[in-house]
> 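One structure, as structure tokens, below. Some questions next.
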Amino acid sequence: EYTKSYFPDTYKDFNETSPGMMLIELTSYVGDVLSYYIDYQYKENILSTATERRNVIRLAEFLGYKVNPFTSALVKLEVTHDVGVTDDGEPNLSNLPLIDKGLQVQSNVNSNIVFETLTEIDFSSSGSSDVPEIGSPTSFDENGLATGYTLTRFVKAIAGETKSKTFNITSPTKFLELDLGESSVIEILNCEDASGQKWYEVDYLAQEKVLKETHYTDDPTRENAYDQGDATTDTSLVPIPYVAEYIRTNKKFISNFDEDSQTYKVTFGNGLFRFSNSGSNVDPVEQAGVSINGTSIAQMGAVSPTIANNLNLGETPANTIMTFTYRVGGGADSNVQAGELTTVNNAPSGVSITVTNDEPGVGGTDGQTVDEIRNNASAFFATQLRCVTKEDYTARILSLPPKFGSIAKAYVQRLTQGLLVSTLSYNQAKQLVQSPQLILQNVAIYLNQFRMINDQVDFGFSLNDTIFSGYFINFGVRFVVNYDRRFNPTEVKLNVIDTIKDFFKIEKMQFRQGINMNDLQYNILGLDGVIGIKELKLFQDGKANDYAEGRKFYYYKADGEVIGEDSNYGFQYNFENALQDGIYRPSSQPAVFELRNPNQDIYGKVI
């Protein structure tokens, strides 16, 4: 039709068998194919419409999302160790073992499945909230006297085995690329050169700051997990195995999975090493805009001012031997059933331990599908790992790795001059305590890589020269219920107490959360044998010779003044005037309500 319209006198033979029609058909075919591939290439350049796995992965990497071909199963291991007794029959807690990370536990069903622990197992560190208290004796002599106790610790483990590989590097090469020759690398654990200097894996070569983790055994200022070192002279109630610190270093590399060779490769920077003004290629980084009770992290001695004398994309190794230590494994076959991990392959000499998994190991897959990569990359790009809202900061603080200390509750409020963060931690009995200053220091340093540059974040506050990380309010419970005479009153009372305990579980309580007594009454009235509630109240001041025998469930006033007798309890609160429409209103200051000792702080009777 185009030829007929524009060349009516030049060509008139439109017979299908004519040579002219052949040329027209070929020209149309070429145009159609070119149009198809132009459309296809455009479609493959957009993440939402791309279909080829290679293109989807590259687009995801462009957004900063790193795609792993395999994911490995994770499991929670229960590790027990038997100890003897002292002369007075108490558990002998001297010379408790510290088992390094990398303990291998083998499946008793499939010997090819091996898990490795991700953190140290420290039997001398017992303050974690998931560590059971030392219970009854587990062994006795012929006279019935205790001869031993069993200590229990929990540790995360990942399916995989540790391997190492060395490379002999001669002349320097910009953006040197080394092939590990493995298709299922879960993570690179360590990289050192011939002189013993450590190289750090980063997300991208232009990354300036690297998070350095220092275990207390490698810190000359700390003797154990409860020693806060230079942070403060006070002993921590919560174990803090590691101290966080950001450093600036030229020795860095990135890793990626090559779709062509189906192996993992590492890439170094583009420059040669040169010393900074401090005489080292590793410099601490000052954490501007982050403080604890108004004191900046740098002023506490945790870090010193940065020295801006580094290579932007990092150093490339030359005339040395690079040794990589990495973990391989993963896949759907790495998922195990409960009770399957019992065989320890590399137990330390002289240490007797027993290992099992009460929960199954889950999370192992053979890689993400194209749709999963596309959706995960979109979500990653939307967040950008940045903390923008108060909720972002709260979520990031609660996700602090347990190795840096335990944060149980967190609340962030935006003030005119920045952000104020309130935190609380658990002690061994899973009771709220003030977060130790070393944990606050770790949180501040950890959070610095995620905060907005113009956000000033302060952790903790001072009341009467005492630093607090957050408020918690303790109380007692008083109840009087009417029961049906057809039921046993003792059983009714115990059921009411159990209901109250469950209602006030500390896991359910958060900062700025009120207490709805109407819900508690509804739960109690739903119990068998309960026909009415005569009294149900919360209190802090017990009356003499009454149900609380004059007890006071507080230690501090709102201004930090000490007015109580039991230092385990928190702040005073006026429960008498705080009840409105059956709801105890939150305090004006962000605080968490806590029934601290459920077995002692609940009083009541049935009539």
Side-chain angles (χ1 to χ4, degrees), residues 66-77 79 98-107 110-122 154-167 177-193 196 198-203 210-215 218 241-242 251-259 261-268 321-336 340-348 355 357 359-368 401-403:
K66 188 174 182 179
V67 181
N68 293 320
F70 296 92
T71 57
S72 189
L74 289 171
V75 70
K76 183 179 182 181
L77 297 178
V79 185
L98 170 63
I99 303 175
D100 199 8
K101 55 186 175 183
L103 181 72
Q104 292 186 350
V105 184
Q106 181 179 301
S107 168
N110 185 351
S111 59
N112 294 325
I113 299 178
V114 177
F115 280 72
E116 291 185 344
T117 56
L118 295 174
T119 58
E120 293 81 2
I121 306 172
D122 191 353
F154 297 99
V155 63
K156 290 286 187 180
I158 190 170
E161 295 183 75
T162 299
K163 294 184 178 182
S164 63
K165 191 170 185 177
T166 60
F167 298 89
E177 188 175 73
L178 302 177
D179 193 343
L180 297 179
E182 298 282 355
S183 61
S184 56
V185 176
I186 303 171
E187 60 179 330
I188 297 177
L189 303 174
N190 191 35
C191 175
E192 290 186 354
D193 56 23
K198 181 178 175 63
W199 294 63
Y200 297 88
E201 183 179 8
V202 293
D203 294 328
V210 179
L211 183 64
K212 180 182 178 182
E213 306 167 357
T214 304
H215 194 259
D218 300 321
Y242 284 86
K251 296 187 178 296
K252 52 190 175 181
F253 64 91
I254 59 173
S255 66
N256 65 288
F257 181 76
D258 192 324
E259 288 287 333
S261 63
Q262 290 291 300
T263 57
Y264 265 89
K265 295 182 179 181
V266 297
T267 305
F268 294 90
I321 298 176
M322 304 297 297
T323 302
F324 287 88
T325 304
Y326 50 90
R327 183 178 287 119
V328 297
D333 294 337
S334 63
N335 299 317
V336 296
E340 189 174 330
L341 301 175
T342 56
T343 305
V344 180
N345 289 345
N346 59 342
V355 180
N357 61 308
E359 303 173 0
V362 295
T365 65
D366 292 328
Q368 303 177 50
K403 67 177 73 174

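Bear in mind that the values here come from a model prediction, so they are computed numbers and not experimental data. Any value given below was found using the heavy atoms of this structure, including those in side chains, with hydrogens, waters and symmetry copies removed.
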> Indicate yes or no for a side-chain donor-acceptor contact from N345 to the backbone of Q104 under 3.5 Å, with no hydrogens or angles considered.
no
> Run the side chain to side chain contact (heavy atoms under 4.5 Å, CB included) test against D333 and tell me which residues pass, sequence neighbours left out.
none
> So, the side chain of S72 versus the backbone of G329: is there a donor-acceptor pair under 3.5 Å, distance only?
no
> Any carboxylate oxygen within less than 4.0 angstrom of a Lys/Arg side-chain nitrogen, looking at E201 and K66?
yes
> For E192, enumerate each residue passing the salt bridge (Lys or Arg N to Asp or Glu O under 4.0 Å) test, keeping only those at least two apart in sequence or located in another chain.
none
> Under a 3.5 Å distance rule, please check whether N357 uses its side chain to pair with a backbone N or O of K76 as donor and acceptor.
no
> Would a 4.5 Å heavy-atom cut-off, applied to side chains only, mark F268 and K251 as touching?
no
> Indicate the ring-plane relationship of F324 and F167, choosing parallel, tilted or perpendicular according to the 30° and 60° boundaries.
perpendicular
> Do T263 and D258 meet the criterion of a side-chain donor-acceptor pair at a distance under 3.5 Å?
no
> Is there a donor-acceptor pair closer than 3.5 Å between any side-chain N or O of D366 and the backbone N or O of G330?
no
> Check this for me, if you would: do K163 and E182 make a salt bridge, where the nitrogen-to-carboxylate-oxygen distance has to be below 4.0 angstrom?
yes
> Answer yes or no: is there a donor N or O on one side and an acceptor on the other, between the side chain of N190 and the main chain of T325, under 3.5 Å?
no
> Okay, side chain of T323, backbone of T166: is any donor-acceptor separation there less than 3.5 Å?
no
> Looking at D122 and I99, would you say the former's side chain and the latter's main chain have a donor-acceptor pair under 3.5 Å?
no
